[in-house]
Amino acid sequence: MSADIQTINPANDEPIAEYSYMSDAEARDAVEACHNAFLDWRLQSLEARAEKIRAVGQALRDNKEDFAQLMTREVGKLIGDSRDEIELCAAICDFTADNGPKELAEEERDIPGGTGVITYAPLGVIYGIQPWNFPCYQVVRYAIANLMAGNGVLLKHAENCTGSGLFLEDLMQKAGLPENLFTVLRISHEQSDKVIENARVRGVTLTGSDGAGRKVAEKAASVLKKSVLELGSNDAYLVLDDADLDLAVESCVAGRIYNNGETCVNAKRFIVTEKNYDAFVERFSEKMGAIETGDPSDETTKLGPMARIDLRDELADQVKDSVAKGARALCGGEVPDGPGAFYPATVLVDVAPGQPAYDDELFGPVASVIKAKDDEDAMRIANDSRYGLGGGIFSKDEDYARKLAATYFDTGMVCVNGFNVAIPNMPFGGVKDSGYGREHGGFGMKEFVNAKSVYMKKAA
């Protein structure tokens with residue numbers, strides 16, 4: 001009898017481990033145990049919670065190498081990126097521990113005849129459904145904020161990084177988090193729907209595709225539970241007339257291949273004005289074409305495999321479809337021979353509406369370059385997308401770029417003259433089909449709390 005879940009190294013197709021799904025009864029019991037742990041945790045002071053979260057951050061640093069190596073084996077991340085991911089997660093713990101007590105502290109306001117008190121009460125058990133591209137960060141991003149808020153946390157991780165989810169669960173307990181307060185569920189999609197329906201679960205958060213987001217949001221809404229969705233995107237990076245081309249080319253290459261191109265906020269569409277188009281395309285495609293794939297555990301490798309063969313093949317089909325509809329590949333664009341889920345760094349030009357390279361998210365190391373007439377046209381093209389997670393602007397006029405970013409760019413995040421993934425003290429999230437709700441920057445701590453009004457009247 002085969003296992004329900006088998007993890008496979010995408011660099012060499014070799015099996016790593018096997019796991020079985022929980023039974024329905026085991027899943028129900030796990031939810032109940034998390035709820036019971038929450039009943040005690042909610043009574044802990046904000047400062048006490050913060051100290052436990054600080055300990056989780058230290059445990060992440062203490063176990064960085066083992067965790068990083070596991071993530072690289074499971075999903076093909078470059079080993080340096082895996083180590084950086086652990087450091088980012090530890091920094092999130094530090095930020096939350098430092099700022100959580102202040103963010104969640106009671107507030108007082110004047111009301112007629114007394115004092116109004118606003119208290120941020122935890123809701124209960126929060127259920128997270130998370131993807132594989134950042135096996136630690138995707139979990140820490142929602143879990144740490146909710147633990148700080150006083151909630152219990154459930155995790156359904158992507159099956160191909162099941163080991164990473166269990167590693168994190170064990171690490172949190174060793175760091176001193178109460179047993180069952182953070183619990184990994186090894187369950188199927190059908191069982192996941194039952195978890196959402198469970199009365200003990202008070203909120204649902206998902207990171208994934210817009211298709212998955214629609215299904216989970218619909219399910220949560222059917223039982224009147226709040227959801228937070230962080231979905232995909234095809235982030236546009238604008239190279240305007242006055243851009244520093246050296247900076248733009250370097251940043252756009254880094255932004256496209258970061259994490260093997262498998263990041264929701266990767267730079268994906270590159271919209272370049274006519275003034276700079278030819279020079280940008282020549283230099284950008286030269287640098288992308290020089291990037292070689294290799295073993296992600298080798299410190300010198302610049303581009304590892306994609307996380308699974310099926311994901312690689314889906315990306316290859318999107319490229320083929322785009323080329324059939326008029327796009328041209330200046331480099332890459334072909335599935336290499338040999339084992340592993342490898343796909344080369346690829347640059348597509350002549351990208352136009354109706355092609356996947358223009359309309360959809362290419363979740364891998366494929367860049368879509370689009371010519372714009374001028375700065376205004378570039379912004380129009382950037383916003384001509386059903387997505388709205390992140391984006392970027394390259395311009396030497398920082399005031400001009402700031403105004404464009406703040407006023408006209410229809411996304412949740414904008415990078416000016418660079419590329420960023422996530423910073424603990426800045427909100428993270430999108431608009432349109434990229435989802436709703438915010439994480440980081442203190443915002444995530446208040447997504448799943450009851451902002452409770454207490455009206456204090458003076459006794460007679």
Side-chain angles (χ1 to χ4, degrees), residues 233-258 261 265-291 318-333 344-362 364-385 387-405 408-411 414-419:
S233 191
N234 57 0
D235 288 4
Y237 275 61
L238 282 58
V239 182
L240 302 183
D241 279 352
D242 69 340
D244 179 331
L245 273 187
D246 291 335
L247 176 64
V249 170
E250 290 291 337
S251 300
C252 289
V253 171
R256 179 59 285 206
I257 67 166
Y258 175 73
V265 289
N266 270 126
K268 298 187 177 87
R269 292 181 297 147
F270 302 90
I271 303 170
V272 188
T273 60
E274 286 181 339
K275 178 180 176 181
N276 291 314
Y277 183 82
D278 290 342
F280 177 88
V281 167
E282 180 181 2
R283 292 159 65 178
F284 182 67
S285 59
E286 181 181 0
K287 286 185 177 293
M288 287 283 284
I291 297 168
Q318 289 177 301
V319 171
K320 289 179 183 176
D321 189 16
S322 296
V323 171
K325 293 176 178 176
R328 288 186 297 125
L330 298 185
C331 63
T346 300
V347 175
L348 298 178
V349 294
D350 297 340
V351 173
Q355 301 171 5
Y358 186 98
D359 297 329
D360 301 326
E361 179 176 36
L362 303 187
V366 179
S368 302
V369 185
I370 303 167
K371 183 189 291 187
K373 295 174 185 174
D374 51 27
D375 293 357
E376 183 178 353
D377 191 41
M379 183 57 71
R380 177 193 64 79
I381 296 169
N383 287 330
D384 183 27
S385 170
Y387 296 113
L389 187 57
I393 298 172
F394 290 93
S395 169
K396 293 176 183 175
D397 186 339
E398 293 182 8
D399 290 339
Y400 173 56
R402 179 172 175 170
K403 182 177 181 180
L404 289 178
Y408 297 103
F409 220 142
D410 194 11
T411 64
V414 184
C415 299
V416 175
N417 292 324
F419 169 73

[X] vs [Y] side-chain heavy atoms within contact, under 4.5 Å:
| X | Y | answer |
| --- | --- | --- |
| Glu361 | Gln318 | no |
| Val347 | Val369 | yes |
| Met288 | Val253 | yes |
| Phe280 | Cys252 | yes |
| Lys371 | Val349 | no |

How long is the gap from [atom1] on [X] to [atom2] on [Y], to the nearest 0.5 Å?
| X | Y | atom1 | atom2 | answer |
| --- | --- | --- | --- | --- |
| Leu362 | Lys268 | CG | NZ | 8.5 Å |
| Leu240 | Leu404 | CG | CG | 6.5 Å |
| Asn276 | Phe284 | CG | CZ | 14.0 Å |
| Asp235 | Arg256 | CG | CZ | 9.5 Å |
| Cys415 | Phe394 | SG | CZ | 8.0 Å |
| Leu348 | Phe270 | CG | CZ | 11.0 Å |

List the atom of [X], the atom of [Y], and the distance in Å for their closest heavy-atom pair.
| X | Y | result |
| --- | --- | --- |
| Asn234 | Arg269 | O-NE, 2.8 Å |
| Gln355 | Asp350 | NE2-O, 3.3 Å |
| Thr411 | Leu389 | CB-O, 3.6 Å |
| Ile393 | Ala401 | CD1-O, 3.7 Å |
| Thr346 | Gly333 | OG1-N, 2.9 Å |
| Gly255 | Asn266 | O-ND2, 2.7 Å |

Can you check whether [Y]'s main-chain N or O pairs, donor with acceptor, with [X]'s side chain at less than 3.5 Å?
| X | Y | result |
| --- | --- | --- |
| Ser322 | Ala327 | no |
| Ser285 | Glu282 | yes |
| Asp375 | Asp241 | yes |

Short side-chain donor-acceptor distance under 3.5 Å, Asn383 and Tyr408: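 No, because no side-chain N or O of Tyr408 sits under 3.5 Å from a partner of the opposite role on Asn383.
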Ser395 side chain to Asp242 side chain, donor-acceptor N/O pair below 3.5 angstrom: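 Present: a donor and an acceptor within the cut-off.
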Candidate pair Asp377 and Arg380, rule salt bridge (charged side-chain N to carboxylate O under 4.0 Å, His left out), full reasoning: CA-CA 5 Å; Asp377 191 41; Arg380 177 193 64 79; 2.8 Å; yes
Step-by-step side chain to side chain contact (heavy atoms under 4.5 Å, CB included) determination, Arg402 to Val416: CA-CA 7 Å; Arg402 179 172 175 170; Val416 175; 5.8 Å; no
Step-by-step side chain to side chain contact (heavy atoms under 4.5 Å, CB included) determination, Asn417 to Leu247: CA-CA 7 Å; Asn417 292 324; Leu247 176 64; 3.8 Å; yes
